[in-house]
Each structure stands twice: as C-alpha cells, then as structure tokens.
Amino acid sequence: LFTIEQRRDREVVTAYAAETGHELWTHGWKNFFRETMGGDGPRATPTWDNGRLFALGAAGELRSLRASTGELLWHTNILSDASAENLAWAMAASPLVVDGMVVVLPGGGNDQSVVAYDAETGNVAWTALNDVQGYTAPMLVELAGVRQILVVTARRAVGLSVEDGTLLWDHPWAVSTVPNIAQPLVMNGNRVFLSASYGQGAAMLEIRKVDSGLSASELWRTNRMKNKFGSSVFHRGHIYGLDESILACLNAETGQLVWKSGRYGYGQLLLADAHLVVLTEQGELVLVKATPDGHEELARFAAIGGKTWNTPTIAAGRLFVRNTTEMAAFDIR
C-alpha cells in the first residue's frame, strides 16, 4: 500500500504491507501545509507505474521513487517550474502516468497549466493551456474513438492530445466559489458527466467527431446531483453519487432524479459487484445496493474514527480506508 502523510513538519511517502499494515519504508521532505477546514497535510494520492511511484506534495513537490525501496529517482516542484500559485486547499490532483510521461496540473500561465514530465528523467516533455488548475486529477480516456487526456480546470473541461497536449475540445465548467473538485465520469464511449457543489449541479456532455476534430455539446443539466468532494459512479444506465451529503440516483440518459436517500456526510463511494461501498464523513462503512429501485442499505459499521475525506480502495478482496489519523483494512471476500 502506498500513501502520503503529514508527519509533524514533513510530508512522507509511505509503503505498507497490505496483509498486515506493517510499515516497509518511508521517504520524506520538509513541508507543512495547514488549512483549518481541510486539515493538515498533502492531498494527492501517489501513483504507481512500472515499479516506480510518483508522489505530489501539497506545495507542488513532485517526486519519483523506486516503489520497492523508496529510493529517490528525481524530483522537482511543479509550481516553481510553471511560475504558478498554489490553490487555497493545496495540490490535490494525483499525477497521471501515460506513455512514459507524468502529467500534472500546476495551473501556470504561458501555456503551463498542464505539464507533462518525462517519467525517466523529470525533464519537461510538453506544456499546455493557461487555466488556473482545479483539484481534479487528469484522466486517460477514450472519447469518440480518440485516446486523450481529460482535464477539468477551474473554468472548463478539456480533452488534450496525449502526444503533445494539443487542445482537442473544451466545454465551460466553472464554479464561482472554488475550482472543480469531483472527478468526471466517462461512459458509453463518448459521454462525460460533470458535477460540482456550491450551487453548480451536474451536466452530461457528448463528445463528437466533426470536420475540425472534436466538439463537445451539453445533452442535459440538473441541480439534483452536486458532488462536493466525492465522485459519482455509473452502473447499468444510472449514476450514483452524493448530492451534497445525501446519496442519490440519476437516470444517465435524461438526468432525471430516480431516488435520493441516506445521509452520509461529505464521504466517498466505490462501485463493486453491483453495490456501492460508501465511506462516510464520520468514518463508517456502508454497503448499499446499486439499483434504481430505491435506497437499500445492506450493512453498516464503524471503520475508523474522526473526519474522513480520503478515498477508499479495494484490491484482492480487501477494502482499505484511511483518514488523517487512522487506517484500516477489511476482508470483504
């Protein structure tokens, strides 16, 4: 298991044995980010690729480590490189590793909003856009048959060429209060679902091939799904997510609300075997059927204590959860 933590005045990338939770190695550097509402520490989950780990700290420190030992391979600061300012709640977008590059979102001007570094050397491969960055991580997707990088900045959703960052399409998506947070949801080969809190709501985009390349159009919009921190999931024609703090189900074709029930705070959810695994803001784990027939809780128990905003993960029959003070693993086979 790999994660990044705040340990006193240092950001520390850590490796743990998945079977026992035993700490295997640590690699840290001096930085202390404090923000009262969000809590202390780094925000972005480290990314593993081909035996290497790419970790991004709250203040923009990007480090490539050998995943087996924590040995430093190279490092840079993405904010300094792009002459960019940090966001109020710090860097939260996890690095995307694709085609030998590490794509990150420093949000700089002069075409340095999105930057791709060579994964082997740390040298800049390409840069793109002039947008202020969001908290949303870049994603490798295929839309309208075109492989591309999907990015949600502070003011729009865009598709970028993997090879050189060329803008393929864009669609306005701006929240007045804070930059975008929730991950977009890609479905049906050419559709992108966007959602945000702070009064924004949700929209379904369709990406089409046109003579000039690609174009984005809005199919529907609704105020019945406002993802704040957590991201929605898609299952058999329906979208499930937290509308603010209440679980909701939308018809993916029309955007119509199917049902809304169950208060979980600003938690997170995963889709697994036609079920929703919900990690609540209070650290409870809840199992809910992913069905349009209605809200049905199957199980609930206290997993960890304290405010919990971290995203859980499932691997090899185990469910892993953490917050700023605790982590735990559960056998769910």
Side-chain angles (χ1 to χ4, degrees), residues 1-7 14-24 37-46 48 92 94 181-183 185 195 197 224-236 238-250 257-333:
L1 298 170
F2 302 104
T3 191
I4 185 170
E5 310 164 8
Q6 189 75 51
R7 296 191 181 182
T14 51
Y16 296 95
E19 297 80 8
T20 63
H22 175 70
E23 184 180 278
L24 301 175
M37 184 178 295
D40 299 344
R43 313 292 199 218
T45 302
W48 182 94
S94 296
I181 302 172
Q183 292 294 126
L185 183 60
S195 183
S197 183
R224 306 308 300 268
M225 183 70 82
K226 298 176 288 296
N227 294 157
K228 194 167 189 177
F229 307 141
S231 305
S232 291
V233 297
F234 173 71
H235 181 63
R236 293 186 176 178
H238 292 84
I239 296 167
Y240 301 89
L242 290 169
D243 179 23
E244 296 292 350
S245 60
I246 303 174
L247 191 63
C249 170
L250 298 183
L257 179 68
V258 179
W259 56 258
K260 180 177 177 178
S261 182
R263 294 182 178 272
Y264 301 110
Y266 293 110
Q268 306 281 347
L269 71 153
L270 299 174
L271 177 69
D273 293 332
H275 290 77
L276 305 174
V277 178
V278 184
L279 179 60
T280 76
E281 189 173 22
Q282 293 75 38
E284 291 182 295
L285 277 166
V286 186
L287 188 67
V288 180
K289 270 192 175 182
T291 172
D293 297 335
H295 175 249
E296 183 181 352
E297 275 193 20
L298 301 179
R300 176 192 284 254
F301 66 93
I304 49 179
K307 182 173 71 175
T308 303
W309 285 354
N310 299 66
T311 304
T313 190
I314 295 172
R318 291 188 179 92
L319 172 63
F320 301 97
V321 296
R322 63 152 289 193
N323 56 24
T324 57
T325 56
E326 283 189 294
M327 67 175 183
F330 301 93
D331 189 332
I332 58 171
R333 289 171 290 182

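Computed from heavy atoms alone, side chains included, the values below leave out hydrogens, waters and symmetry copies.
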At what distance, to the nearest 0.5 angstrom, does [atom1] of [X] lie from [atom2] of [Y]?
X: Leu242; Y: Thr280; atom1: CG; atom2: OG1; answer: 10.0 Å
X: Leu276; Y: Leu287; atom1: CG; atom2: CG; answer: 8.0 Å
X: Arg43; Y: Trp309; atom1: CZ; atom2: CH2; answer: 8.0 Å
X: Leu1; Y: Arg318; atom1: CG; atom2: CZ; answer: 9.0 Å
X: Thr311; Y: Leu269; atom1: OG1; atom2: CG; answer: 9.5 Å
X: Thr14; Y: Leu24; atom1: OG1; atom2: CG; answer: 9.5 Å

- Task: Only counting residues at least two apart or in another chain, list the ones meeting salt bridge (Lys or Arg N to Asp or Glu O under 4.0 Å) with Arg224.
- Result: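 Per chain and number, Arg224 pairs via salt bridge (Lys or Arg N to Asp or Glu O under 4.0 Å) with no residue.
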Could you pull out the closest heavy-atom pair between [X] and [Y], with the gap in Å?
X: Phe320; Y: Ala18; result: CE2-O, 3.7 Å
X: Val258; Y: Leu250; result: CG2-C, 4.0 Å
X: Ser195; Y: Ala182; result: O-CB, 3.7 Å
X: Glu5; Y: Thr3; result: OE2-CG2, 3.6 Å
X: Leu270; Y: Pro312; result: CD1-O, 3.7 Å
X: Leu257; Y: Cys249; result: CD1-O, 3.6 Å

- For residues 269-290, the ring pair (Phe, Tyr, Trp, His ring centres under 6.0 Å) pairs (sequence neighbours left out) are none
Tell me every residue that passes side-chain hydrogen bond (donor to acceptor under 3.5 Å, both in side chains) with [X], counting only those two or more places apart in sequence or in another chain.
X: Arg300; answer: Glu284, Glu297
X: Ser197; answer: Glu244
X: Asn323; answer: Thr308, Thr325

Contacts table for residues 288-296: side-chain donor-acceptor under 3.5 angstrom, sequence neighbours left out:
unit_1: Thr291; atom_1: OG1; unit_2: Asp293; atom_2: N; d: 3.1
unit_1: Thr291; atom_1: OG1; unit_2: Asp293; atom_2: OD2; d: 3.2
unit_1: His295; atom_1: ND1; unit_2: Ser261; atom_2: OG; d: 3.4
unit_1: His295; atom_1: NE2; unit_2: Tyr264; atom_2: OH; d: 2.7

- Query: What residues, two or more places apart in sequence or in another chain, satisfy ring pair (Phe, Tyr, Trp, His ring centres under 6.0 Å) together with Tyr16?
  - Reply: none
- Tell me, which pairs form a salt bridge (Lys or Arg N to Asp or Glu O under 4.0 Å) where one or both residues lie in residues 260-282, sequence neighbours left out? Asp243-Lys260
- Message: Considering only residues two or more places apart or on different chains, which pairs with a residue in residues 322-333 satisfy salt bridge (Lys or Arg N to Asp or Glu O under 4.0 Å)?
- Response: Asp331-Arg333
Identify all side-chain donor-acceptor contacts of residues 228-235 below 3.5 Å with residues at least two apart in sequence or on another chain.
unit_1: Ser231; atom_1: OG; unit_2: Gln183; atom_2: N; d: 2.9
unit_1: Ser232; atom_1: OG; unit_2: Asn227; atom_2: OD1; d: 2.8
unit_1: Ser232; atom_1: OG; unit_2: Asn227; atom_2: ND2; d: 3.3

- Item | Contacts of type side-chain contact (heavy atoms from CB on, under 4.5 Å), residue Ala328, not counting sequence neighbours | Ile304, Val321, Phe330
